Number of protein chains: 2
Amino acid sequence: MQTEDQSVFRALADPTRRTILRDLARQDMTIAQVADNFDMTRAAVKKHLSVLSDGGLITVQARGREKINTLNPHGFAPVLDWLTFFDQFWDDRLADLKAAIEEKDA
Amino acid sequence: MQTEDQSVFRALADPTRRTILRDLARQDMTIAQVADNFDMTRAAVKKHLSVLSDGGLITVQARGREKINTLNPHGFAPVLDWLTFFDQFWDDRLADLKAAIEEKDA
DNA sequence: CAAGAATGATACCTTTTGGTTTCACTTTGG
DNA sequence: CCAAAGTGAAACCAAAAGGTATCATTCTTG
């Protein structure tokens, strides 16, 4: 458990990468297109895309000399699974605490 | 959106911290108790706890000379909210893709 | 009150990260 | 064919991250 999750959690840790994911949610993009949305070099964006790819959050396919980056919704599964552990914990043992937390939600 | 999420995403990025959260899910613990579960100094564990606290994932209260660290389930909310954006995206625009992904889930 | 326990804080070190530059490589188009 | 477009990759840098060691503080307790 949580053995191979590191790459996806690491991928989500950077704000630039989280923004890229939102951008790719709108449409698939080449590296250059993604880079146009940021004030940094294409090389830097490329590195971010590599981290996202390592984390399984995007897939990349070549189209001629271009690389099309596509959001991979399936890649979020490990994160959701990990978070689910806590849901279960609350349900099983801390129903009262959960209720208390929600009502003190100022 | 995603403006102040950084601290919680950063907190979740480290495997030691994710393990600490699971440990705290079982029971509240002092710093020394948390440190007993790891092969590193108490000072290092303390730093991790500070990051978790900054991210809102745990709360800390003094009890005499001890500090009791408690899991704060509410702290996960920003992460769930952020992830929800993609759920919505799938529902709104990619119902077909979602189905395709699930059925090709080898 | 004095010793020990639990912690806070600081300085310091090493590795990772995020970024830039630069150069080689492949595809596309006129 | 040849120049330009789109990438890949490597070298290099500064800053952040994860750890350790050390010392000062603050409770607890006999």
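FYI, side chains are in, hydrogens and waters are out, and symmetry mates aren't considered; it's all heavy atoms of this structure. Since the model is a prediction, treat every value here as computed from it, not as a measurement.
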Subject >> N/O donor-acceptor pair under 3.5 Å between A:Asp28 side chain and A:Ile68 backbone >> reply: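 No, because the side chain of A:Asp28 does not come within donor-acceptor range (under 3.5 Å) of the backbone of A:Ile68.
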### Message
Whether the side chain of A:Gln6 engages the backbone of B:Asp14 through a donor-acceptor N/O pair (distance < 3.5 Å, no angle test) should be reported.
### Response
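Checked: no pair found.
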Query raised in the report: Quick one: is A:His48 getting a side-chain N or O under 4.0 Å of the C:dG19 phosphate, OP1 or OP2?
Result: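 Yes, because at least one side-chain N or O of A:His48 sits under 4.0 Å from OP1 or OP2 of C:dG19.
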Under 4.0 Å: is that the gap between some side-chain N or O of A:Arg10 and OP1 or OP2 of C:dG18?
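For C:dG18, OP1/OP2 do have a side-chain N/O of A:Arg10 under 4.0 Å.
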Counting the atoms with a prime plus P, OP1 and OP2 as sugar-phosphate, which does A:Lys47 contact under 4.0 Å by heavy atoms, base, sugar-phosphate, or nothing?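 The answer is base, as A:Lys47 lies within the cut-off (heavy atoms under 4.0 Å) of a base atom.
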query: Applying salt bridge (charged side-chain N to carboxylate O under 4.0 Å, His left out), which residue pairs with at least one partner in residues 61-79 of chain B are found, sequence neighbours left out?
result: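 Pairs touching residues 61-79 of chain B that pass the test: B:Arg63-B:Glu66.
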Can you tell me how far [atom2] of [Y] sits from [atom1] of [X], rounded to the nearest 0.5 angstrom?
X       : Y       : atom1 : atom2 : value
B:Asp5  : B:Asp81 : CG    : CG    : 8.0 Å
A:Phe86 : B:Leu80 : CZ    : CG    : 11.0 Å
B:Arg18 : A:Leu83 : CZ    : CG    : 10.5 Å

Without placing hydrogens or testing angles, list every side-chain donor-acceptor pair under 3.5 Å for residues 33-43 of chain B, not counting sequence neighbours.
{"unit_1": "B:Gln33", "atom_1": "OE1", "unit_2": "B:Thr30", "atom_2": "N", "d": "2.9"}
{"unit_1": "B:Asn37", "atom_1": "ND2", "unit_2": "B:Asp23", "atom_2": "OD2", "d": "3.4"}
{"unit_1": "B:Thr41", "atom_1": "OG1", "unit_2": "B:Ala44", "atom_2": "N", "d": "3.3"}

Which sits closer to the 5' end of DNA chain C, B:Asn69 or A:Ala43, going by the nucleotide each is nearest to?
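Nearest-nucleotide comparison on DNA chain C picks B:Asn69.
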Given DNA chain C, 5'-ward residue of the pair A:Ala44 and A:Arg65, judged by closest heavy atom
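The 5'-side residue here is A:Ala44.
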Length of the [atom1]-[atom2] vector between [X] and [N], whole Å:
X       : N      : atom1 : atom2 : value
A:Asp14 : C:dT16 : CG    : C1'   : 13 Å
A:Gln6  : C:dT16 : CD    : C1'   : 12 Å
A:Ile68 : C:dT27 : CD1   : P     : 15 Å

In the structure I gave you, are the side-chain heavy atoms of A:Leu71 and A:Thr59 within less than 4.5 Å of one another anywhere?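 Answer no - side chains too far apart.
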Discussion item. Does anything in residues 29-41 of chain A come within less than 4.0 Å of DNA chain C? Heavy atoms only, and list the residues if so.
Written reply: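 Here the set is A:Met40, A:Thr41.
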Check your understanding: First and last nucleotide of DNA chain D touching chain B, 5' to 3', heavy-atom cut-off 4.0 Å?
Key ->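 Contact span on the strand: D:dA17 to D:dT28.
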* To do: Determine the sole option in A:Ile20, A:Leu21, A:Thr70 for which the side chain to side chain contact (heavy atoms under 4.5 Å, CB included) test with A:Ile58 is passed.
  =>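 Considering A:Ile20, A:Leu21, A:Thr70, a side chain to side chain contact (heavy atoms under 4.5 Å, CB included) with A:Ile58 is found only for A:Leu21.
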Table please: side-chain donor-acceptor pairs of residues 47-56 of chain B below 3.5 Å, with sequence neighbours left out.
{"unit_1": "B:His48", "atom_1": "ND1", "unit_2": "B:Arg17", "atom_2": "NH1", "d": "3.1"}
{"unit_1": "B:Ser50", "atom_1": "OG", "unit_2": "B:Lys46", "atom_2": "O", "d": "3.1"}
{"unit_1": "B:Ser50", "atom_1": "OG", "unit_2": "B:Lys46", "atom_2": "NZ", "d": "3.2"}

Check DNA chain D against residues 53-63 of chain B and give the residues with a non-hydrogen atom under 4.0 Å, in numerical order.
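Those residues: none at all.
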Would you call the rings of A:Phe9 and A:Trp82 parallel, tilted or perpendicular if under 30° counts as parallel and over 60° as perpendicular?
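A:Phe9 and A:Trp82: perpendicular rings.
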